[in-house]
There are 2 protein chains.
Amino acid sequence: MRIDDRKQKVLLAIIRDYITTAEPVGSRTIAKKYKLGVSPATIRNEMADLEEMGYIEQPHTSAGRIPSERGYRYYVDYLMKRKKLTKEEEHIIHREFEARVRDVGQVIQKAGVLLSQLTQYTAMVLSPQIEASSFKHIQLISMQPAQAMIIVVMDNGIVHHRMLEVPESLNAGDMDTISCVLNAKLQGLAMEKIKFTLMQEIYFELAKHKQILDLAMDLIHESLVIKPEDKIYLGGVFNMLNQPEFHNVEKIKTLLSILEQEDMLHQLLEGGSSGVGVTVRIGGEIDNEGIRECSMVIAPYSVGGRRIGSLGVIGPTRMEYARVISVVEFMTKNLSRVLERIIGVSG
Amino acid sequence: MRIDDRKQKVLLAIIRDYITTAEPVGSRTIAKKYKLGVSPATIRNEMADLEEMGYIEQPHTSAGRIPSERGYRYYVDYLMKRKKLTKEEEHIIHREFEARVRDVGQVIQKAGVLLSQLTQYTAMVLSPQIEASSFKHIQLISMQPAQAMIIVVMDNGIVHHRMLEVPESLNAGDMDTISCVLNAKLQGLAMEKIKFTLMQEIYFELAKHKQILDLAMDLIHESLVIKPEDKIYLGGVFNMLNQPEFHNVEKIKTLLSILEQEDMLHQLLEGGSSGVGVTVRIGGEIDNEGIRECSMVIAPYSVGGRRIGSLGVIGPTRMEYARVISVVEFMTKNLSRVLERIIGVSG
DNA sequence: GTTTAGCACTCAATGACTTAGAGTGCTAAC
DNA sequence: GTTAGCACTCTAAGTCATTGAGTGCTAAAC
């Protein structure tokens, strides 16, 4: 059976109505609200066909119809018209991103807050994965007698610092010396290039300060090995409580227990996205039982053309796709732009 | 009417039972489970007295009794015996705090996670408020052509960094020069001591780099003025969903909407604590409608004898006070110890 | 052939009513 | 002062009838 023009209109009406009301939609409602120019009986016939084809379903005999996952998929792929953000909303995003962007963490968090506020669903933002490839600068700073700080800067702009105990005898001059030697010898080198012979050279030159050297090397090593802030920012988890499908505590618990597991979210965000642009996963398309009744809209963001992270929105399958897709797309563009400014194109 | 020994025992039994079962406690239950050596009828008499005195109440005529806020207060003040942490629990805390403590933020987060895991309620940890009094070190680092990083270290161990655009002509040597001049002139000075004449001197000396100087001064100023990471870490919010008193979506919403407002939490944590040691606030004692049905156990933590923050647990009034109080106390001690090591006694 | 009015049918939601059970308070006996 | 006994209260759970929204089918109208 073909899904002709009028069937499309009926399907669209059912999906639109269900998205806003969360109630099964009956033939009378469609005839009245969406003026297709035909009687409820005709619409009932079309609905019977659509149900047979699997685009809609009936919770029980005497209820209206609700879209099936297949129905939503058809809607997203063929029927939906993206709903642009208002000028005001675009303005809010711009303003938030321009003002007081200090560090990457703050930007990520801001993106999450905005995403959840604008969509009224739950937002997930994966922090950027910029691998450090080499070490840029090291600095020892005397803080107090017997206490110093060591700062390591990597070429991706990540800064690590740590306090350490030092012998009282070590003065600011000594620390400068150590910093200088390390900088001179190691600057710009990747970890694997820091060879044994080189290390021996340094250890020889700074024999007195073996302990500090060890700590310094530790920190450099750590900075190279550890994925920088492999974190996920979640925003607006509580928005979900306003969705009628989550008016039941058990469902909330299932969802939240999944949102609590960072590795699972990671997998959802990275595994769910199909490469470039916005991806929509509807219900069972999400590779995870437990969020069967949810949909996700996810997209990667990039710096200098290189994909470095992704973000997304999770909500009920009865999601305002038209809007959410626009918001997610707009957000990745802005996030990319701002991050480009902060961390440079080095990543 | 005096609250004699047997009344105490009955009250204690009611509270203990109610804390574990969350069900109103009847006279028969007490007689059977808590073996006071008297019949249910006698206990009923005692219960009638306790109710008259306001220590317990009845949800409805044919139900058992539940403790009133006054009852909990009496329990916490006079009846309760603290329940020590097991060796294993203490071990977990130690291990978590010893291993991989990198920066203050991480420690705070870890404290929150532990606190919520051990208590199964919601944990709140206010990040330490260590005012920076003076500036310690500044460093400009060339990252790429036309891109540099500026790092500012304050005497409290806080490190701020930011990327900035620089003229292509500026090389690594120039940056070192600028860093050196700034360090030499400004090191150890508090903001108010950075006088106009001194600044003129620096601007004269580094006239070519006015733009960078401005940025550097901005960052130093910011570091001094901005309260460092005035954040609250929340952990185990979802634990609340397991409490029977939150099996109703409306209550969850009310609670969560409060937990979302940082300023309110701030007020609760800072305003609720009565100075030294662990403070318990029960139900209406909390200065906030909306969490009338909750209790809080809060305590300050300190470094070098100076109070720099506080942490706490929020749960239903039917909270395991005996355990939570011990956990909170143990946690503040450990947090103080670890922070002392990280940020030194300078704060 | 398509559309529509009409009607019998289904089923969830709602409310009235009943019953069971837990727990009390009171009285009288110990 | 303590306790057994009993009438009383009130919620929770179950049953049943009613209501109303919505359907599917049939036959008539277009």
Side-chain angles (χ1 to χ4, degrees), chain A residues 1-11 13-15 17-18 20-68 71 244-245 247-248, chain B residues 1-11 13-15 17-18 20-68 71 244-245 247-248:
Chain A
M1 198 180 323
R2 247 197 88 249
I3 180 160
D4 62 27
D5 193 55
R6 195 171 63 191
K7 282 194 183 34
Q8 282 196 354
K9 280 194 182 130
V10 172
L11 179 56
I14 293 174
I15 291 180
D17 206 79
Y18 187 66
T20 57
T21 64
E23 296 290 333
V25 192
S27 53
R28 233 177 80 93
T29 315
I30 295 179
K32 262 205 295 190
K33 270 214 254 179
Y34 297 86
K35 326 209 158 128
L36 302 194
V38 289
S39 76
T42 311
I43 291 173
R44 276 205 288 282
N45 291 330
E46 299 288 27
M47 281 163 101
D49 290 349
L50 283 168
E51 180 163 14
E52 200 185 324
M53 291 188 272
Y55 293 106
I56 56 178
E57 43 199 39
Q58 233 178 340
H60 57 264
T61 337
S62 71
R65 302 303 210 292
I66 62 176
S68 67
E245 26 274 274
H247 264 20
N248 140 358
Chain B
M1 197 182 323
R2 247 196 89 250
I3 181 159
D4 63 26
D5 194 54
R6 195 171 63 193
K7 282 194 182 38
Q8 282 195 354
K9 281 192 180 129
V10 172
L11 180 56
I14 293 174
I15 291 179
D17 206 78
Y18 188 65
T20 58
T21 64
E23 296 290 333
V25 191
S27 53
R28 236 177 79 92
T29 315
I30 295 178
K32 262 205 294 192
K33 272 215 250 179
Y34 297 86
K35 326 210 162 133
L36 303 194
V38 289
S39 75
T42 312
I43 291 172
R44 279 206 286 283
N45 290 330
E46 298 288 28
M47 282 162 100
D49 290 349
L50 282 168
E51 180 162 14
E52 201 186 324
M53 289 187 276
Y55 293 105
I56 56 179
E57 43 199 39
Q58 233 176 340
H60 57 264
T61 338
S62 72
R65 302 303 210 292
I66 61 175
S68 66
E245 26 275 273
H247 264 21
N248 141 358

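Per chain, numbering begins at 1; letters A, B, ... match sequence-line order.
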Self-check item: Spacing of A:Q58 atom CD relative to D:dT23 atom C1', expressed in whole Å
Solution: 6 Å

Self-check item: 5′-ward residue of the pair B:A41/B:A63 relative to DNA chain C
Solution: B:A63

Quiz item: Rounded to the Å, how far apart are B:M47 CE and C:dG23 C1'?
Solution: 9 Å

Exercise. Output yes when at least one side-chain N/O atom of A:R6 is less than 4.0 Å from OP1 or OP2 of C:dT3, else no.
Key: yes

Quiz item: Of all heavy-atom pairs between A:M47 and A:G26, which one has the smallest distance, and what is that distance?
Solution: CE-C, 4.2 Å

Quiz item: Under 4.0 Å between a side-chain N/O of B:R65 and OP1 or OP2 of C:dG25, yes or no?
Solution: yes

Self-check item: Whether B:S27 side chain and B:I43 backbone form a donor-acceptor pair below 3.5 Å
Solution: no

Quiz item: Below 4.0 angstrom from OP1 or OP2 of D:dT9, is there any side-chain N or O of B:T61?
Solution: no

Quiz item: Minimum heavy-atom separation for B:R6 to B:E46, with atom names?
Solution: NE-OE2, 2.6 Å

Quiz item: Are B:T42 and D:dT3 close enough that a side-chain N or O sits under 4.0 Å from OP1 or OP2?
Solution: yes

Exercise. Choose from D:dA4, C:dT10, C:dG21 the nucleotide whose nearest atom is closest to any side-chain atom of A:S62.
Key: C:dT10

Exercise. Please name the pair of heavy atoms, one in B:P244 and one in B:A22, separated by the smallest distance, quoted to 0.1 Å.
Key: CG-CB, 3.6 Å

Practice problem: Please state how far atom CD in B:E23 lies from atom C1' in C:dA22, giving the value in whole angstrom units. | Solution: 11 Å

Practice problem: Compare the minimum distances between each of D:dT11, C:dG6, C:dG25 and the side chain of A:R44, then state the nucleotide with the smallest one. | Solution: C:dG6

Quiz item: Expressed in angstrom and rounded to an integer, what is the separation of B:I43 atom CD1 from C:dA22 atom C1'?
Solution: 16 Å

Self-check item: Spacing between B:N45 atom CG and D:dG5 atom P, to the nearest angstrom
Solution: 17 Å

Exercise. Round to the nearest Å and state the distance from A:E46 atom CD to C:dT4 atom C1'.
Key: 13 Å

Practice problem: Take the protein atom CD of A:E51 and the nucleotide atom P of D:dT23, then report the distance between them rounded to whole Å. | Solution: 10 Å

Quiz prompt | Closest non-hydrogen atom pair, A:D17 against A:K33 | solution = OD1-NZ, 2.7 Å

